[in-house]
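In what follows, chains carry the letters A, B, and so on, assigned in the order in which the sequence lines appear, proteins first and then strands, with residues in each chain numbered from 1. Predicted model only: the values in this text are computed from it and were never measured.
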Amino acid sequence: MTTPERDLAVENQWCPGCPNYGILAALKRALERLDLPPHRVCLVSGIGQAAKLPHYVDAHVFNGLHGRAIPAAIGIQVANPEMTTIVTSGDGDLYGEGGNHLLHAFRRNPNLTVIVHNNRIYALTKGQASPTTPLGERTRLQFDGVDVDPAQMLATAIVHNCTFVARGFAGDLDGLAAILERAIAHRGLSLVDVIQPCITWGSHPVDWYRERVFAVPEDHDPTQRDAAIRLALDAPDRFAIGVLYETEPRPTFATAYRKRVGSGPLAWMPRIGRAAIETHLAAWVVDPEGKEPTKEKG
Amino acid sequence: MTTPERDLAVENQWCPGCPNYGILAALKRALERLDLPPHRVCLVSGIGQAAKLPHYVDAHVFNGLHGRAIPAAIGIQVANPEMTTIVTSGDGDLYGEGGNHLLHAFRRNPNLTVIVHNNRIYALTKGQASPTTPLGERTRLQFDGVDVDPAQMLATAIVHNCTFVARGFAGDLDGLAAILERAIAHRGLSLVDVIQPCITWGSHPVDWYRERVFAVPEDHDPTQRDAAIRLALDAPDRFAIGVLYETEPRPTFATAYRKRVGSGPLAWMPRIGRAAIETHLAAWVVDPEGKEPTKEKG
Amino acid sequence: MNDRNVVIAGAAGEGIQTIGDVVATSFLAHGYPVFLTQEFESRIRGGNSSTTLRIGSAPHNAPRRDADVLLALNRVSQQHYAPQLREGGILISPEVFAFRDLAKEHGGSERYANAVAAGALCAATGMPVAVLERRLRETFAGHGEEVAAANARAAQAGYDQALGRLGERAERPLPPRTHRYAFASAHDAIALGAAAAECRFMAAYPMSPSTHLITTFARHPELGVFAEQAEDEIAAIHMGLGASAAGARAMTATSGGGFALMVEAVSLAGMIETPIVIVLAQRPGPATGLPTRTAQEDLLFAIRAGHGEAPRAVLAPSDPQDALRAAIRAFDLADRYQIPVIVLTDQYLADSRFALPPVELPDAIPGPQLADPASIERYARYRLTDDGVSPRLALGQSEHLVCLDSDEHTEQGHITEDLDTVRPAMVEKRLEKGRRLKGEIAPPSRNAVDDADLVLVGWGSTKGAIDEAVSILRDSGRRVGALHFTELWPLPAMEFSETARYWTAEGNATGQLAQLLRMEYGVETEGRIGRYDGRPLDAATILEALS
Amino acid sequence: MNDRNVVIAGAAGEGIQTIGDVVATSFLAHGYPVFLTQEFESRIRGGNSSTTLRIGSAPHNAPRRDADVLLALNRVSQQHYAPQLREGGILISPEVFAFRDLAKEHGGSERYANAVAAGALCAATGMPVAVLERRLRETFAGHGEEVAAANARAAQAGYDQALGRLGERAERPLPPRTHRYAFASAHDAIALGAAAAECRFMAAYPMSPSTHLITTFARHPELGVFAEQAEDEIAAIHMGLGASAAGARAMTATSGGGFALMVEAVSLAGMIETPIVIVLAQRPGPATGLPTRTAQEDLLFAIRAGHGEAPRAVLAPSDPQDALRAAIRAFDLADRYQIPVIVLTDQYLADSRFALPPVELPDAIPGPQLADPASIERYARYRLTDDGVSPRLALGQSEHLVCLDSDEHTEQGHITEDLDTVRPAMVEKRLEKGRRLKGEIAPPSRNAVDDADLVLVGWGSTKGAIDEAVSILRDSGRRVGALHFTELWPLPAMEFSETARYWTAEGNATGQLAQLLRMEYGVETEGRIGRYDGRPLDAATILEALS
Ligand SMILES: Cc1ncc(C[n+]2csc(CCOP(=O)(O)OP(=O)(O)O)c2C)c(N)n1
Ligand SMILES: Cc1ncc(C[n+]2csc(CCOP(=O)(O)OP(=O)(O)O)c2C)c(N)n1
Ligand code: SF4
Ligand code: SF4
Ligand SMILES: [Mg+2]
Ligand SMILES: [Mg+2]
């Protein structure tokens with residue numbers, strides 16, 4: 001068996017200059033810093049521009065359906081907790097079509113990192129509003145401007161006590177790599193919403209965002225829910241970058257199960273064996289009393 | 001045309017003594033107090049024990065699919081804003097299967113009242129955990145106890161600035177009727193989560209809850225987000241009853257559209273007329289330059 | 001003893017299931033087979049429900065409509081079920097027996113009324129009351145000696161009173177026999193078959209009549225299947241696909257409405273070539289329909305569900321024995337062809353318990369089919385091969401990186417826009433798997449077909465009813481036979497005799513199997529027998545249609 | 001002029017659509033019909049995309065594979081599309097023409113390179129450059145006089161250089177004509193048809209190739225259709241059903257994957273008998289497949305999608321004129337039968353613009369069919385009637401209360417468990433609607449069928465290609481004809497000649513129409529022609545298969 005030689009001659013399909021390249025670079029750097037070999041990493045995505053990212057990294061890939069990255073990742077993570085499983089997909093994918101899965105993932109707390117490429121737009125379908133497009137912004141479907149409020153998924157994560165909630169900026173490679181490194185190392189669900197301006201369909205250039213991001217204040221206590229929610233709630237034009245909320249890890253998904261069976265991949269656990277099944281099959285049989293000759297004849 | 005004579009000989013299918021009867025009574029009282037005639041009210045539900053409620057009230061009924069009451073209600077409400085449209089369904093229905101719709105309804109803020117019969121169980125399917133079943137509680141599927149945290153939909157509503165968020169108790173007819181009356185009168189989305197102990201599959205009798213409910217403190221300011229979230233976050237055994245969060249109504253769904261077309265039911269709006277369509281059809285035709293004889297001959 | 005059909009009717013929550021269980025196990029313990037079916041409404045208390053025991057010297061694993069004995073626990077049930085009681089049949093009900101009074105008198109409390117009723121039932125059916133008493137003692141063992149004894153006394157009192165009242169009409173006590181029967185439902189069997197096939201992961205969302213499957217895995221961790229209740233059916237199947245992609249055999253179970261939500265993922269499974277087993281436990285539709293009743297309305301839906309074109313298998317076992325086999329086979333086909341496999345059952349199969357010869361595991365149970373990473377030089381998940389099947393490695397299995405993609409993809413699993421070469425090759429690869437699969441699909445079972453001039457054709461759960469109809473018609477001298485499909489897609493190549501007339505018999509109104517036979521074989525059916533009132537197809541329905 | 005196929009190729013974002021538009025409208029303004037097709041990848045920048053113009057003296061609304069002229073804006077596109085250029089065809093590309101230099105020289109900036117290229121294209125196709133210049137001025141009118149003038153100068157320079165370079169091979173300038181053509185896509189037509197049919201509500205989730213429909217309503221509020229982008233496809237269709245139940249005609253649109261998510265609601269629509277129109281714009285699957293390409297793979301899926309049994313209609317228009325009709329008909333059938341109606345289109349129909357005689361609205365456009373509340377004494381939403389259709393009142397329409405229920409229900413719309421009477425009656429009621437519907441479904445159109453010994457059978461968007469194949473084969477003396485279905489479910493009763501041989505031609509790999517014909521008519525097809533590489537079926541594919 002040779003060392004993994006991955007067909008990385010995959011042509012990148014993003015627009016030249018797209019901040020998605022920044023997320024890609026930051027993720028690669030974080031994986032390197034964490035010293036994770038490619039075959040111990042699984043990247044999971046849905047469908048969209050963002051969701052193409054896994055094809056550009058040296059890792060296992062599950063590029064599933066639009067909106068369904070989270071449940072697929074949960075299945076992968078339960079089946080093989082020895083891999084580092086990371087979801088990387090779009091704001092439409094994870095907050096729109098897949099909103100219910102993310103909501104319930106907060107409850108389950110699987111050991112996953114979820115990276116949301118938040119470009120506030122449906123880019124691959126050419127520019128409709130995403131759940132995070134600000135009120136009033138005009139798009140190629142909302143011609144008079146978006147008239148519903150944006151989804152507040154970071155705040156929703158916080159009220160569900162998701163133990164690692166951060167916002168990153170795709171225009172800041174170092175900062176983002178550092179956040180991703182912490183997120184991946186964190187045990188339990190880590191949510192990282194990355195501001196990723198779309199330079200093709202978005203309303204503002206990267207610099208507009210650069211001028212409006214600010215670091216989470218030094219004195220912010222990331223264990224404080226109220227303060228974290230305040231930082232999380234999207235002002236349409238001010239973005240606190242950094243870890244907004246971080247508390248003691250709580251039990252991750254399937255902890256009780258894993259206590260019972262150990263930590264290996266389900267696929268290579270010892271066979272249940274015929275005996276266990278045969279016991280059940282035997283229990284179906286009602287033995288006739290007549291076979292036991294001592295019993296009375298009713 | 002006779003006055004509505006509804007086949008109210010519908011046999012109620014709930015267990016005798018179920019607190020769902022309390023919700024039914026409170027809703028009827030609220031509708032009476034608001035002086036809403038039956039044909040101006042539409043009740044919408046999904047599937048479950050709770051979701052049978054609309055059959056027992058003198059009103060229009062849309063009893064759709066499990067989890068899909070919210071989008072159906074939005075369609076009804078947009079099509080006919082002159083009806084008072086009320087969703088009344090289960091915690092599994094609205095927070096589980098239908099979670100994404102509720103989340104995005106917070107954003108849209110349609111003028112609906114959403115009553116969640118929160119019995120912390122899937123009752124109609126015979127006792128599996130619902131999204132609100134507390135950690136550790138044993139059910140007929142979670143034999144070793146539920147091992148994921150409950151969903152915090154009231155807090156999620158609050159971080160989305162849902163302008164009316166309340167908790168009621170099905171064992172308190174007067175209190176619940178009063179809350180429902182306010183909720184229905186409120187403009188925009190009103191969310192009322194009603195503690196509704198299931199006396200067949202639930203872990204505790206009604207009195208257990210009765211001992212653990214308390215009124216929202218007099219000095220609680222329902223416009224204060226942080227305080228409201230604190231009251232909203234489910235302690236498994238303490239329940240603040242009353243209006244947790246209430247702010248100035250924000251624009252309701254389709255406001256811009258309605259400004260343009262007026263408030264009547266879509267079905268009875270004036271016809272667009274052939275002319276509007278014919279203008280578009282005419283625009284498909286490219287008139288040949290050659291028809292205009294003055295033009296040069298290329 | 002003759003074939004006896006005993007209906008126990010009452011409201012939900014009134015205890016008919018317990019009565020049914022103790023009486024059924026009494027017969028089994030006495031050496032007589034019992035076929036138990038259940039009928040209930042979509043509510044938790046009240047309404048009309050029933051448990052029916054079909055008892056005889058030999059198993060009659062098929063539903064019968066008319067009752068020889070009706071035990072009705074209340075007046076409403078009596079009215080509801082009385083039309084089913086055949087002329088001369090025995091009615092046991094509060095109207096004729098004072099259950100409660102006897103319970104108070106002999107047990108000390110009205111709560112032993114059901115034991116009285118069970119005792120009366122024994123008198124009517126020839127079951128020695130001592131056998132029943134032992135079952136009652138077993139059942140109530142956890143409740144203390146006094147409760148057990150009171151139950152026994154109440155049963156005896158019911159038995160005695162009924163014996164007296166029924167006089168001549170009481171069945172003579174049956175002699176004990178030494179016949180041994182397994183007593184289980186098809187869903188019991190599917191759960192064990194899945195575990196035997198090394199299923200490791202199940203996610204599902206509760207939905208009647210499928211919920212028993214996930215419940216079994218949750219209740220019996222020793223079966224080795226991790227079981228998770230998902231937030232919805234979409235999550236359930238995607239979790240399964242994730243687990244499967246990571247190497248764990250995986251399944252889900254649902255009913256028609258939940259399956260409808262999984263359809264996009266069925267298409268995904270076809271594209272990423274990742275095995276998944278889906279149990280679709282049918283109930284009458286459309287929409288919510290009759291949630292607790294039975295039907296066979298989702299055959300063509302299951303075959304066609306999903307956008308685009310990719311192979312799948314659809315199986316429809318006919319009884320628990322067959323269901324054990326079908327479950328093992330489903331995992332094997334899913335794994336070898338890297339496809340979704342749908343197992344069609346229904347409420348009747350799920351909630352009925354069959355009397356069968358003791359069921360044994362097949363000798364060879366094919367396990368997971370992952371490739372050996374050491375044998376691979378340079379891995380490509382979708383390597384083009386002669387049979388269309390690419391060696392499958394799991395995510396994380398080895399240092400070979402695995403790339404799964406829902407877009408049309410290259411052999412390496414990357415998104416492609418190559419329409420000239422890659423796309424046609426990948427379409428043909430997937431379809432080639434379907435052609436090979438077709439070659440190993442089991443033909444229908446044959447019951448007295450060779451000399452038949454009329455052949456009944458059925459599928460799935462209706463086998464018992466159809467076989468019963470065949471034997472009744474044969475007894476009356478008609479040359480009738482039956483073909484029964486339990487593997488429905490792809491359909492195997494086969495010949496239909498030109499001389500026989502064909503009638504389909506199935507649990508739907510549009511003749512779905514008939515449509516399929518015409519599409520696949522060009523066979524014209526002369527008649528289509530369908531039952532679509534929410535009850536299982538029975539021999540009587542077939543006989544009426546043919547008369 | 002002869003039939004000329006002009007391919008304009010480049011990367012996404014390079015401007016080929018604009019070039020295609022100005023050249024196409026130049027031809028139209030000159031009195032010549034143009035058929036415009038588009039091919040692009042699922043990305044926003046880069047890759048290989050093309051706009052193809054098929055130009056002639058008479059409309060050729062069918063795709064052609066080989067190019068007479070290829071304009072390639074870059075080297076990669078040139079390589080990619082060069083194999084399509086027929087021998088002796090004209091190549092215009094940076095390799096042979098210095099677009100940028102000319103643009104700088106004559107327009108003052110490289111950004112006029114596309115105008116240069118368009119000018120060169122005119123020289124190659126016989127389009128007088130002055131006509132093009134006027135189109136450029138119109139197109140860039142908003143950008144100021146200088147930009148417009150620079151475009152015009154650049155075009156003239158490209159034209160002049162190409163004329164010189166091409167010499168003999170340049171097409172002679174075409175004389176102007178006075179023919180008028182409508183130029184539109186089938187999705188343009190569906191939007192107008194829906195508006196004409198008084199559709200009031202549309203909710204959809206973006207998905208190629210369907211997004212243009214909701215975009216049209218959002219862009220043109222004067223069409224009177226409230227348009228909402230839903231959070232997912234499930235919400236989209238349930239919003240539509242809610243609006244429809246409240247009396248507003250409603251629709252949604254999606255592609256295969258999104259439709260898969262709507263399947264449960266299709267079943268719901270059947271059960272609550274609430275009209276809804278669903279446009280299913282097909283693309284190649286399974287799963288994400290080839291998101292920006294075309295296919296006809298979802299026919300059998302659309303027909304069978306949904307658990308349980310209830311009628312539906314499936315239409316598949318063949319061009320914009322037909323699509324206008326189909327949209328109006330879809331709303332009418334949905335409304336009169338209270339059923340879901342699925343309109344199958346595909347990327348090819350959605351993204352191609354056809355040259356047609358000016359399109360007119362039909363004289364009579366049937367509007368909403370709600371009952372008159374005043375005429376009703378005591379209302380029951382599901383009143384049993386002879387034809388299965390109950391008078392429909394909307395929620396909130398009057399004082400008559402309306403109860404819709406997804407469970408099996410009584411005539412009043414309440415949950416029922418009555419299996420003896422109500423359930424069978426409701427099943428039969430729903431199926432009776434399907435039988436009546438079948439009676440008014442249009443038979444396939446017939447093209448030279450009467451004396452044909454070989455009949456091509458197709459459906460939906462392939463009509464142009466099939467008709468072209470027929471006329472080529474007829475010209476070569478073969479007795480070929482075509483039957484073309486645009487209403488596919490239920491299929492109308494009809495006869496197939498015993499003597500003719502039948503070949504299906506469709507955009508899939510498994511012969512879905514052929515399967516359907518066998519199932520419904522017992523017709524055996526001799527051959528199945530399928531294209532499944534993501535491109536539209538063309539006459540050449542048919543001719544190859546038949547040769
Ligand atoms: C079920 C389904 N619905 C819709 C689509 C079409 N679709 C593809 S990508 C996309 C949105 C992408 O937005 P986002 O997730 O924000 O990613 P981005 O392209 O902006 O990076 C949509 C709606 C789909 N592929 N599948
Ligand atoms: C798509 C679908 N999935 C599952 C079901 C089965 N089902 C019916 S009711 C129900 C849960 C009911 O729970 P809840 O909404 O809390 O209502 P309750 O019965 O507790 O009042 C489920 C899962 C269904 N009808 N449809
Ligand atoms: S469309 Fe937007 S998000 Fe997509 S690659 Fe281009 S710039 Fe980036
Ligand atoms: S099962 Fe529970 S929720 Fe349902 S009616 Fe009975 S007590 Fe009420
Ligand atoms: Mg996005
Ligand atoms: Mg509940």
Side-chain angles (χ1 to χ4, degrees), chain B residues 1-7 10 13 38-40 42 44 47 52 55 58-65 68 70-80 82-83 100-101 103-104 254 257 260 265-269 271-272 274 276-278 280-281 284-291 296-298, chain D residues 25 28-31 128 130-131 173 176-184 192 195-196 198 200-201 221-224 226 231-232 234-235 238-243 245-248 264-265 268 358-359 361 368 373-374 377-378 394-396 398-406 412-415:
Chain B
M1 195 165 90
T2 58
T3 51
E5 202 186 331
R6 173 75 170 288
D7 187 15
V10 176
Q13 297 182 355
H39 70 282
R40 307 291 277 188
C42 183
V44 183
I47 293 295
K52 294 175 181 169
H55 291 275
D58 228 6
H60 295 288
V61 174
F62 187 105
N63 181 182
L65 292 181
R68 314 304 168 191
I70 297 274
I74 290 176
I76 292 166
Q77 216 281 327
V78 169
N80 188 347
E82 292 175 350
M83 273 195 300
N100 206 33
H101 308 307
L103 187 70
H104 289 273
Y257 175 74
R260 200 152 45 72
L266 295 188
W268 290 277
M269 304 240 286
R271 292 191 71 141
I272 288 303
R274 300 177 69 92
I277 316 293
E278 278 163 350
H280 277 266
L281 287 174
W284 289 0
V285 177
V286 182
D287 273 316
E289 297 187 335
K291 282 189 87 177
E296 67 187 309
K297 285 267 158 74
Chain D
T25 47
L28 290 158
H30 210 52
V131 182
R177 308 198 313 174
T178 55
H179 296 66
R180 296 172 77 225
Y181 296 98
F183 186 56
L192 295 188
E198 291 182 65
R200 296 295 194 196
F201 185 96
E222 74 277 12
L223 294 177
F226 175 82
E231 61 271 27
D232 56 31
I234 301 174
H238 284 274
M239 286 179 188
L241 285 170
E264 192 192 14
L268 174 66
V359 174
L361 280 179
E377 185 72 36
R378 208 182 139 80
L395 301 167
S398 71
E399 292 188 8
H400 288 302
L401 296 180
V402 174
C403 183
L404 300 169
D405 180 20
S406 71
Q412 287 71 33
H414 291 300
I415 303 176

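The shortest non-hydrogen separation linking B/A267 to D/A246 is CB-O, 4.2 Å. Taking all atoms of both residues into account, the shortest heavy-atom contact from B/V285 to D/P358 is CG2-CB, 4.0 Å. The shortest heavy-atom contact between D/A29 and B/V286 is N-CG1, 3.7 Å. Residues B/M83 and D/L395 share a closest heavy-atom pair of CE-O, 3.8 Å. Minimum interatomic distance between D/L401 and B/A59 (heavy atoms only, all atoms of both residues): CD1-N, 3.6 Å. Taking every heavy atom of both residues into account, D/A248 and B/A79 meet most closely at CB-CB, 4.1 Å.
Side-chain contact check for D/D232 versus B/H101: some heavy-atom pair is nearer than 4.5 Å. With a 4.5 Å cut-off on side-chain heavy atoms, D/R200 and B/I272 count as touching. For the pair D/L361/B/L281, a side-chain contact is recorded, criterion being any heavy-atom separation below 4.5 Å from C-beta on. Looking at heavy atoms from C-beta onward, D/H179 lies out of side-chain contact with B/P288 at the 4.5 angstrom threshold. Here the side chains of D/L223 and B/H280 are in contact, with some heavy-atom distance below 4.5 Å. The shortest side-chain heavy-atom distance between B/V61 and D/D405 does not fall under the 4.5 Å cut-off.
Of the atoms belonging to D/P368, not a single heavy atom falls under 4.5 Å from chain B. For chain D, the nearby part of B/I47 is the side chain; its heavy atoms alone come within less than 4.5 Å. Using a 4.5 Å cut-off between heavy atoms, D/Y181 contacts chain B through its backbone alone, with no side-chain atom that close. Using a 4.5 Å cut-off between heavy atoms, B/F62 contacts chain D through both its backbone and its side chain. At a 4.5 Å heavy-atom cutoff, the contact between B/Q13 and chain D is made by side-chain atoms alone. Using a 4.5 Å cut-off between heavy atoms, B/H104 contacts chain D through its side chain alone, with no backbone atom that close. If you measure heavy-atom distances from D/A195 to chain B, the contacts under 4.5 Å come from both the backbone and the side chain. In this structure, no portion of B/R40 lies under 4.5 Å from any heavy atom of chain D.
Counting heavy-atom pairs under 4.5 Å between each of D/F201, D/F183, D/F226 and chain B puts D/F226 at the top. For the set B/R68, B/E278, B/R260, the entry with the most heavy-atom pairs within less than 4.5 Å of chain D is B/R68. In terms of non-hydrogen atom pairs under 4.5 Å with chain D, the most contact-rich of B/P265, B/C42, B/G64 is B/G64. Ranked by heavy-atom pairs under 4.5 Å with chain B, the list D/A265, D/G31, D/P221 is led by D/P221. Contact tally against chain B (heavy-atom pairs below 4.5 Å) for D/A196, D/G247, D/A182: the top residue is D/A182.
Within the model, atoms CD1 of D/I234 and CG of B/N100 stand 8.5 Å from one another, a figure rounded to the nearest 0.5 Å. From B/H55, atom NE2 reaches atom CD1 of D/I415 across 4.0 Å, with rounding to the nearest 0.5 Å.
With hydrogens and angles disregarded, a donor-acceptor distance shorter than 3.5 Å links the side chain of B/H60 to the backbone of D/G396.
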Could you go step by step and tell me if D/S398 and B/H39 meet the side chain to side chain contact (heavy atoms under 4.5 Å, CB included) rule?
CA-CA 7 Å; D/S398 71; B/H39 70 282; over 6 Å; no

Using side chain to side chain contact (heavy atoms under 4.5 Å, CB included), reason through B/L103 and D/E231 one step at a time and then give a plain yes or no.
CA-CA 9 Å; B/L103 187 70; D/E231 61 271 27; over 6 Å; no

